[in-house]
Structures are given as C-alpha cells and as structure tokens.
Amino acid sequence: MHFFTEFGQYLLMLKGMFSKPENGKMYWKEFMHQCSEIGIGSLGIVVIISIFMGAVSTLQTAYQLVSPLIPLSTIAQIVRDTVILEFSPTLVCIVLAGVVGSKIASELGNMRVSEQIDALEIMGINTKTYLILPKLLASIVVIPMLVVISAVLGIWGGRLAGTMTGILSGAAFDKGLHQYFKPYNVFFALAKAYTFAFIISSIPAFYGYYVRGGALEIGRASTRSVVVSCVLVLFADYLLSALLL
Amino acid sequence: MIEVKNIKKGFGEKIVINDVSAVFETGKCNLIIGTSGSGKTVLMKCLVGLFEPDSGEIFYNGQSFSEMTEEHRKELRQRIGMLFQGSALFDSMTVEQNVMFPLDMFTKDTYAVKLKRVNEVLDRVNLKDANKKFPAEISGGMKKRVGIARAIVLNPKYLFCDEPNSGLDPQTSLLIDKLIKEITTEYNITTVVNTHDMNSVMEIGDNIIYMYQGLKEWEGSNKEIIFSKNKLLNEFIFASEFLQDAKDMRMLEMKGKIDNNRNMDELLK
Ligand SMILES: Nc1ncnc2c1ncn2[C@@H]1O[C@H](COP(=O)(O)OP(=O)(O)O)[C@@H](O)[C@H]1O
Ligand SMILES: [Mg+2]
C-alpha cells in the first residue's frame, strides 16, 4: 500500500516537472551548473574506477584462459566486450548512484527542511521545474558521456595492464580489439546509461524533495535513495539485458 | 486586504486550524499570536497557499484564492513577500545574489539596474558591507534582514513574516519590528506577522488575533489587549509576574491614578 502511494507521488512529481519556465535564462544557467556539478564533480572517481576495472578484467581473463589453443588477442576481445556491455554502464552508474544520488537527495532535502523550497514557491516559481528538471536533464546528458569516457579508459587500462605484466603485446591487444566488434554493443551500453541516468537522478530527487523533519531525516532520505536507486539499476540492468540482447 | 473565512486545516486526525475567520488590513501590521504549536505557521502557510486548507476561503482584495488557477496564483505570488522563521536564505548564494534572485527571475533589467535596486533594499534594512558574504557567515539578525530585503525587493503588496524575531536579542528584535512597521506604512502593504514576542505585540500590533489550540480565541489591537478580560490571553501575554505588575501599573496610569513618574516616589515610600 505504502509502495503504491509513494510510486504515485513519484509519478506526480515527474508530471509536475513539466511547466513553462518563468525565465528561460535562469533555468539554462541552473542546467549548466548541474551539468558541471554532476559531470566534473564525479569525473575523478569515474577515471579511477574505469582504469582499474579494465586492468583487473585483463588480468582475470588471462588467468582464466589457460588453454594454449586460444590466441592471446581473445583476451582483448573479452575485455572490450565486458567493459562495454557491463562494467562501464552498470558499475559506473552504481558508483554514481552513491556520488550523484546522495548529493541530489541531501541538497534538496536541506532546501526542503530549511524552507528554501517554500521560499522559491512563494516567489511564484515552480520548484519541481526549477530544482528537479535541470538535475534530471543534466544527469541524462552527462552520465552517458561519463559512461563513454569510462569505456575508453577501461579498455585503455586493460591494455596497459596487459602490456605491463607481459601477458600480451600491445599489438596483440589492438588486434583483439578489432575482432568481431559489434557496434550494437555500444548502442546497448548507451541504452543502459540513459536508463540508469534517469533512475539515479529521479529517485534521489524524489526522496530529497519530499523530506520532512530535520537533519536526521535528510541523512535517512539520502541513504534510502542510494539503496533504492542501486537496486533499481540492477533490476533495470537485468530487464534490458533480457529485452535487448 | 486579506480576508479569511472559516479556514480549517488538519494533518491526519489532528486538527491544527479550527474554523478561523479574520481580516488582515492594508497598511497595518496584522499579528497572529499564540504559543509554540498553536498553529500560527500552518495558518500563515494556508494564507499563501503552501498548505491547501481542508475547507474555508481566502480572499485577496476580494478575489477568492482557492478558485484561482495555478497561473493566476503564480502571478499573485510575485506580489507576495515572505520572511521565513529560519530566514530560508539560499545557502549557495551570497547575500547580494539572494536578494537579486527574484529580480533575476522576474525582471529583464540589466545587471546595473538590478544591483542598484539590491543596494537600495539592503540599505533600507540597514545592511551594508555584507553583499559578498554567504548566509553561513552572518548573524541571525542579519539573516532576518536579508530575508526581509529579499521579500521586499519586488515591491510586494503583501508581506508575511513568520516569527521575525525568534532567536534574536530584545534589542535586535525591536529593530526588526520597527523595520517591518515602517515598511508597512511606507509602501502601504498588507503585513501579517506571526509572533509570540511580547515586545512586538505592544510595539507593532495594530491588529491582533490570538490563536489557542487551533481556535481564534481573541482579536483586537495592542491598545485593547491591556484591558482584555480573556483569561487565556492574559496568561499568555502577561506570563511573568513582572509583566503582570507592569500591566497593573499601566492600567492605574490610564485611569489617572498614577501620573507619569510624578507619583512614583510616593508609591515607593
Ligand atoms: N507538515 C505537517 N504535518 C503534520 N503536522 C504538522 C505539520 N506542520 C505542522 N504540524 C503540526 O501543527 C501544529 C502547529 O504547528 P505550527 O503552526 O508550526 O505552530 P506554531 O504556532 O509554533 O507556528 C503542531 O502541533 C505541528 O506538529
Ligand atoms: Mg511557527
């Protein structure tokens, strides 16, 4: 029962976001601000996890492929596909659910509790449009970009690990990268990235926007939004894999 | 003028505002007084539409607020200024940006024009040299003044203040009260103030309604409040012995038994 009221409220929030901006310029400014907050703000962590996850997948793939019958370039091919299909979109978005999600939830929660949302509302501003929509759009624009960057860096990290440990030469890795490449995989990765971007921005926005109480509740809303968006990301991951692959 | 007719508002089982009617007049400071938890904030939020009342009607200059379309309400709200209990300043913005925000949103003026207006209102609330400070860096009294500046920057017709002097020392709160009073008469706006501060009641209470457990228990002016026989009101207003004595003195003085300070010496003998 509780779930349905929450879900209904969530849908109403999404619907309420679409209204005519009072002043386009201010909304654009807010959108650009969010793009830089979300994009630049989480670039560092994305770079680090991407390189390591690529490196680790090269080492582990090499460890599992013990047969001398399989050419070494296959390692690169497997690394490429796992990074593009799963690691970059899903792993990065799970991490971003923590980084971006908790930030959105606590920012909105704080604004709610300290009556800043009421203050905006009193001025005649639609706060759902002004506060939530730019965050959502910024996530949808920026997070897929981060996923693409992550895929490139992941593969590069894999290559680096491969050559540094002497598992395979750079040339063999590059050869493997070109083997059986399916552009559809990139499409699939982006489809996931857009879906996850929507989840990890709208769920925290919902929990933050409707916080009631004080600092303690903001913390709770933030934790809850991260947990719920992570579960939903994994669920959506399964659903999309079942539907699109 | 704002007219309230039979407003009711509850949360779940709990009735917070029970059938309150009142008139808030233009050019006057209209006070809503009552203990903490008596529903002052809820009533004020009903007035401005942050809460939807369960029943009853609100009229802004004769126009029914509940029947207004969302567009119409938005328009009206640009003529409403509100000071919140915790000031509600945007903490990612400087004082100047806070006050400029309504101008940025609703006017097409150049930056220079907007800055001039911002400095005008900051000057009006006696706040200089704080333009570049962030809310976290200024005192409670300054925050309230920035809140007032932000509320009046668009020349509102209606001003709402939720406990403008809670958490302030008596001197600063008196300054804030005077400021609100001056602004009200200067621009001839309809001002509604929530307070449980005795000084404000006596200082600026042109029109007072006393809330008790969600009901309007008493209404009148600061001149009448002294002579009120309402037991609940007297217990609330003249809570300390000191104030009770002060009230008795003032009543004697008004009846002509005590004249200024002249008879004081005799009295004290
Ligand atoms: N959003 C809300 N949900 C539930 N109860 C509320 C809400 N806001 C206020 N109340 C209740 O309404 C009563 C009056 O609160 P309020 O108007 O804030 O009092 P005050 O006169 O101190 O401003 C309180 O008992 C409070 O618990
Ligand atoms: Mg209150």
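Only a predicted model underlies this, so the values are computations on that prediction, with no experimental measurement involved. Each chain gets a letter, A, B and so on, in the order the sequences are listed, and its residues count up from 1.
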Next item on the list: Go through the atoms of B/L50 and report whether side chain, backbone, both or neither lie under 4.5 Å from a heavy atom of chain A.
Entry: side chain

Checklist line | CZ/A/F52: more than 12 non-hydrogen atoms of other groups inside 6.0 Å | finding: no

Check: Relative to chain B, which of A/M26, A/M123, A/M111 shows the most heavy atom pairs under 4.5 Å?
Finding: A/M123

Atom pairs (donor, acceptor) spanning chain B and chain A, under 3.5 Å:
residue: B/K45; atom: NZ; partner: A/E115; partner atom: OE2; Å: 2.9
residue: B/K45; atom: NZ; partner: A/D118; partner atom: OD2; Å: 3.1
residue: B/K74; atom: NZ; partner: A/E22; partner atom: OE2; Å: 2.7
residue: B/R77; atom: NH1; partner: A/E121; partner atom: O; Å: 3.4
residue: B/L89; atom: O; partner: A/Q116; partner atom: NE2; Å: 3.4
residue: B/D91; atom: OD2; partner: A/N110; partner atom: ND2; Å: 3.4
residue: B/D91; atom: OD2; partner: A/Q116; partner atom: NE2; Å: 3.2
residue: B/D104; atom: O; partner: A/N23; partner atom: ND2; Å: 2.6
residue: B/M105; atom: O; partner: A/N23; partner atom: ND2; Å: 3.3

Next item on the list: Taking the side chain as every heavy atom from C-beta outward, state whether A/I122 and B/F160 have any pair of such atoms under 4.5 Å apart.
Entry: no

Item checked: B/F90 CZ to A/L120 CG distance, which is reported to the nearest 0.5 Å -> 3.5 Å

Notebook entry, point to check: By side-chain contact (heavy atoms from CB on, under 4.5 Å), which residues pair with A/V152, not counting sequence neighbours?
Noted result: none

Next item on the list: Check whether B/L89 gets within reach of chain A through its side chain, its backbone, both or neither, counting any heavy atom under 4.5 Å.
Entry: backbone

Notebook entry, point to check: For B/D54, which residues count as a side-chain contact (heavy atoms from CB on, under 4.5 Å) partner, sequence neighbours excluded?
Noted result: B/K9

Notebook entry, point to check: How would you list, by chain and number, every residue that makes a salt bridge (Lys or Arg N to Asp or Glu O under 4.0 Å) with B/E137, sequence neighbours excluded?
Noted result: none

